[in-house]
Number of protein chains: 2
Amino acid sequence: MRARLRAEMIDEIKAIARRQLATEGANLSLRAVARDLGIVSSAIYRYFPSRDDLLTALILDAYTALGDAVAAAEGAVERGDFGGRFLAICHAVRDWALANPHEYALIYGSPVPGYAAPADTVAVATRAVTILGGVIEDAARIGLLRYDDVLPPEVAGEVARIGEIIAPSVPIGALSRTLGTWLQLFGFVSFEIFGQLNNAVELPGPLFEHQMRAQARYIGLPLL
Amino acid sequence: MRARLRAEMIDEIKAIARRQLATEGANLSLRAVARDLGIVSSAIYRYFPSRDDLLTALILDAYTALGDAVAAAEGAVERGDFGGRFLAICHAVRDWALANPHEYALIYGSPVPGYAAPADTVAVATRAVTILGGVIEDAARIGLLRYDDVLPPEVAGEVARIGEIIAPSVPIGALSRTLGTWLQLFGFVSFEIFGQLNNAVELPGPLFEHQMRAQARYIGLPLL
DNA sequence: CCTCTGTCAAGAGCAGTGCTCTCTTATGAG
DNA sequence: CTCATAAGAGAGCACTGCTCTTGACAGAGG
């Protein structure tokens, strides 16, 4: 009963906070949120015990939104089209980031100063990369992604441990290449969102497309 | 005379602000800086007309410090060792970032909300990548880096324009690979600094070394 | 039907912030 | 030695996160 009203109130606060995020960034103001909501500032603390808790909620929402976007994009591609599934993931990440730059900054930018991410975030944070893991896992199972890159033992162990979680049957050579690709993907998106590409790149879109296609080839995912 | 005292004061303010940066991040407090300096808060405005100007100064300092670190590391490697020069650059970036995580966050993390980087920053910001450009330029001049990667026309133009600035004689195929490497480098460092690798990677150092060596091979820079 | 309890909003208040303004001091150039 | 100028001090404005107390209201138990 009243729990439903409470949930609606929480959603409303988060929606306004998200809007605030666009103009104020991570240091949004509880009082301004309260003002927009027609509520006195202290009332917000009935729903979020502190500003950090509001931020945590926004961060969790952002991770799940990104995960949903990636999952939807990848799920819409025919299972056998591994390159297509890979590209769908890449574009989903970039498109979501471009559409929600401040939420992207919240989760992939500088950590909020006093803020420490609670442990609940790690599960939801790894969803996107797990989906990529599924793609290379499927590709490896039908015999693709056979690389004999030689890794130093300590690196091999490190990569193997990651592989056990997201793609157990992928050889570590291909896994290491996939990791590099993941890093390049987020390097590109972060540079683009954070303005590091200004005055240097005019059309990031086609450049991104090309870089990711090159990475698909490098990993060994066939492009139709 | 008077100007020297003023310069010393500015340096002192920046030094204390940098220290503050470590604990408070980008939303450091002018009043706290003033307190640490034994000065009343309004006196700071004699030296920096606003908090953003202080941040700009810190950002410029950070870019030049990173540029210096990269230049020193790259300059210490024998000219003919292209792979070594490349790896020196990569490690210089990562080492500097690990040693100065908050300054790294200032320049490569989320942009400060109300803050807009003045045009002076772009020149100093491109120093590091320009040094990498010099390495592949030298390598290309002796006949390395011959790739026939085919790029879509609009991407080719984009990459060529970047190449004209940092490495005019490098074919765009290799240039595009270098760009991807640069993105991966900063993707790695950002993930490591911003905690995205926590609970996933135990020894980032060796993993970084391996990834960058793989990229050197991918670009075509010979490793001794 | 009444009372009692738990939830919510409101308001005041504390300590802190960036920034502006005015006043006072002292220092170095002429 | 004079005096314009630079620099610090202090008060004040509007804002922030957060706490505490007070008052209103709804629903459950007797």
Side-chain angles (χ1 to χ4, degrees), chain A residues 1-59 102 106 110-118, chain B residues 1-59 102 106 110-118:
Chain A
M1 288 296 163
R2 285 300 174 256
R4 172 173 299 168
L5 282 185
R6 187 180 172 81
E8 282 176 16
M9 194 71 176
I10 287 179
D11 281 351
E12 213 160 343
I13 291 175
K14 287 198 292 190
I16 294 184
R18 245 187 304 271
R19 219 177 305 149
Q20 280 262 330
L21 213 60
T23 67
E24 300 301 326
N27 45 6
L28 57 87
S29 146
L30 281 189
R31 290 178 116 110
V33 171
R35 248 194 317 272
D36 279 18
L37 212 113
I39 272 311
V40 86
S41 71
S42 57
I44 299 236
Y45 291 85
R46 298 279 168 195
Y47 302 94
F48 294 96
S50 84
R51 206 188 70 117
D52 276 7
D53 292 271
L54 213 196
L55 279 180
T56 300
L58 293 181
I59 288 173
H102 300 92
L106 204 56
S110 345
V112 183
Y115 177 80
Chain B
M1 292 299 152
R2 199 92 153 183
R4 174 174 297 168
L5 281 184
R6 186 178 172 82
E8 280 176 18
M9 194 70 175
I10 287 180
D11 281 352
E12 213 160 343
I13 291 176
K14 288 198 293 189
I16 294 184
R18 246 187 304 269
R19 220 178 304 147
Q20 280 261 332
L21 213 61
T23 67
E24 300 300 326
N27 45 6
L28 57 85
S29 145
L30 281 188
R31 290 177 116 111
V33 171
R35 248 193 317 270
D36 280 18
L37 212 109
I39 274 305
V40 86
S41 71
S42 58
I44 300 242
Y45 290 84
R46 300 278 172 198
Y47 303 95
F48 294 96
S50 84
R51 209 189 67 118
D52 277 7
D53 292 271
L54 213 197
L55 279 180
T56 299
L58 293 180
I59 288 173
H102 300 92
L106 205 56
S110 345
V112 183
Y115 177 82

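Below, read A as the first sequence line, B as the second, and so on, with proteins coming before strands; counting in each chain starts at 1.
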Report the distance from atom CZ of A:R6 to atom C1' of C:dC8, rounded to the nearest whole Å.
-> 9 Å

If a protein heavy atom is under 4.0 Å from the base, mark B; if only from the sugar-phosphate, S; if neither, -; do that for nucleotides 9-20 of chain D going 5' to 3'.
-> BB-B---BBBB-

Across all chains, not counting sequence neighbours, the side-chain hydrogen bond (donor to acceptor under 3.5 Å, both in side chains) partners of B:S29 are none

To the nearest 0.5 angstrom, please state how far the CZ atom of A:R35 sits from the CZ atom of A:R31.
-> 8.0 Å

Which residues share a side-chain contact (heavy atoms from CB on, under 4.5 Å) with B:D36, sequence neighbours left out | B:I16, B:Q20

List the atom pairs, donor and acceptor, that lie under 3.5 Å between side-chain atoms in residues 39-51 of chain B and the rest of the protein, sequence neighbours left out.
unit_1 : atom_1 : unit_2 : atom_2 : d
B:S50  : OG     : B:D52  : N      : 3.2
B:S50  : OG     : B:D53  : N      : 3.4
B:S50  : OG     : B:D53  : OD2    : 2.6
B:R51  : NH1    : B:A26  : O      : 3.3
B:R51  : NH1    : B:L28  : O      : 2.9

Whole-Å distance between D:dA7 P and B:I44 CD1?
-> 13 Å

Separation between CE (B:M9) and CD (B:E12), nearest 0.5 Å, reads 6.5 Å

A:F48 CZ to C:dT7 P, straight-line distance once rounded to whole Å = 17 Å

